[in-house]
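Note sheet for the following structure.
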Amino acid sequence: MNIEHLKLFVRIASTHNISQAGQELGLSPAVSSAHINKLEENLGVRLVHRTTRKVSLTEEGMNFLPHAEEVIASIDAAKASVGSGSLQPQGTLRITAPASFGRMHLIPALNGFMEKFPDISVDIRLTDSIVDMIQGGFDVAIRNAELKDSTLIARKIAPDNRVICASPKYLKEYGEPRKPEDLHHHKCLKLTGLETWTFDTPDGAYHLKNKGNFRVDHGEAARDACVNGLGITLCASWIASEQLKSGELVPILKDYPLISDAALWIVYPSSRLLAPKVRAFIDYFASYYGNPPYWDSDIEHLN
């Protein structure tokens, strides 16, 4: 049984795309199809369903996958034990990330990543929608939402801390709230999905249902509206760190921290065989953002 055929099959199981899997291994679409046909012929079973939209594993393919992964992992371990067969990360790495986080904290970090791994090409989709990683053929995703798909694995890379803030202009005109209840008498900007703010108080958790007359579905837009004096809002620290440092925004209600377990995660498809390019991305960015992440370190003196 040809080890290269097994490697191709495992990548097809991850990408659900024969051409893409072959490209990552330096094979043309025609050669990739021929390799899979040969593997199926040798095994005497069909491993993949081919349609015009995507490729999926048959029941026999699903049963065969862990064995193929184990064989490849064993060979890689054997090569490593004698110091040969370097697994230099290479190929196209397809990434999806939230639009704002990707623009502000992923793109600026890619220069160092691509310098360290020159054989990796990066293909990024920035969207605030939760995409189907398998159907979309993505290798890795950055998410700030709870993982619900059991076929995926998530690694926490940073807390997603939130802060209540306002502009100096707003505070000068309307005054500063001293306790969470005071927010009922202020203009509060609503961010879609985060309409309830929960504060830690001496009397326990205080839940404030935001009933402001301004609502937006984009974190940067809520931040900018706040900077322009439209009201008080809740911002992720990674979105507002620059404005908090410059004084365009001021953290308020610091004696009543928000209660939240939100976090930023690197997510990837479940597999015992993790492609070197994916492992390189996970290790690099988990270290790059730091603990605490650099955007929180930059503003911790304000809190």
Side-chain angles (χ1 to χ4, degrees), residues 1-96 113-114 116-123 132-141 149-153 266-284:
M1 191 173 298
N2 191 309
I3 187 63
E4 298 306 320
H5 296 177
L6 292 181
K7 289 181 178 180
L8 176 63
F9 170 69
V10 169
R11 291 308 299 148
I12 290 172
S14 177
T15 64
H16 288 246
N17 187 304
I18 293 178
S19 296
Q20 181 183 329
Q23 183 181 25
E24 294 180 6
L25 298 175
L27 305 174
S28 69
V31 171
S32 300
S33 293
H35 282 358
I36 289 301
N37 290 339
K38 187 65 175 179
L39 179 59
E40 291 178 327
E41 181 182 324
N42 288 338
L43 292 172
V45 297
R46 182 174 294 278
L47 298 174
V48 298
H49 291 299
R50 299 166 175 84
T51 71
T52 57
R53 294 180 62 85
K54 69 174 183 177
V55 172
S56 60
L57 299 189
T58 64
E59 182 179 353
E60 292 78 9
M62 292 295 294
N63 292 335
F64 181 65
L65 178 61
H67 300 290
E69 292 174 335
E70 187 172 351
V71 169
I72 295 170
S74 297
I75 291 176
D76 288 341
K79 289 181 178 179
S81 71
V82 294
S84 64
S86 173
L87 297 178
Q88 179 65 24
Q90 58 184 312
T92 299
L93 182 66
R94 300 199 69 231
I95 306 166
T96 178
F113 176 76
M114 298 182 76
K116 184 174 182 179
F117 303 105
D119 294 328
I120 293 180
S121 299
V122 173
D123 181 353
D132 185 322
M133 290 189 64
I134 303 301
Q135 185 172 350
F138 291 101
D139 297 292
V140 65
D149 189 339
S150 61
T151 67
L152 303 177
I153 297 175
I266 289 180
V267 178
Y268 52 96
S270 174
S271 172
R272 283 185 289 174
L273 179 65
L274 193 61
K277 63 183 180 181
V278 176
R279 170 57 61 194
F281 180 90
I282 293 170
D283 291 344
Y284 183 89

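Starting from 1, each residue takes its place in the sequence as its number.
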Measuring from atom [atom1] of [X] to atom [atom2] of [Y], what distance do you get when rounded to the nearest 0.5 angstrom?
X   : Y   : atom1 : atom2 : result
L8  : T15 : CG    : OG1   : 8.5 Å
L65 : I12 : CG    : CD1   : 11.0 Å
N63 : L47 : CG    : CG    : 10.5 Å

Note, [X] side chain near [Y] side chain (heavy atom, < 4.5 Å):
X    : Y    : result
V122 : F281 : no
D139 : R11  : yes
N2   : L39  : no
N17  : Q23  : no
I36  : F9   : yes

Quick check: does any side chain N or O of H49 sit under 3.5 Å from a backbone N or O of L57, one acting as donor and the other as acceptor?
no
Among all residues two or more places apart in sequence or in another chain, which pass the salt bridge (charged side-chain N to carboxylate O under 4.0 Å, His left out) test with R46?
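Result, salt bridge (charged side-chain N to carboxylate O under 4.0 Å, His left out) vs R46: none returned.
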With sequence neighbours excluded, what pairs up with D123 under the side-chain contact (heavy atoms from CB on, under 4.5 Å) test?
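Per chain and number, D123 pairs via side-chain contact (heavy atoms from CB on, under 4.5 Å) with T92, R94.
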Taking side chain to side chain donor-acceptor pair (under 3.5 Å) as the definition, give me every residue that meets it alongside [X], ordered by chain and number, with sequence neighbours left out.
X    : result
N37  : R50
D119 : none
T58  : E60

Taking every non-hydrogen atom, the tightest pair across H16 and V55
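In this case the closest contact between H16 and V55 is ND1-O, 2.7 Å.
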Heavy-atom closest contact (K116 atom, Y284 atom, distance):
CD-CD1, 4.2 Å
Just grab all the side-chain hydrogen bond (donor to acceptor under 3.5 Å, both in side chains) pairs involving residues 25-35, residues at least two apart or on different chains.
H5-H35
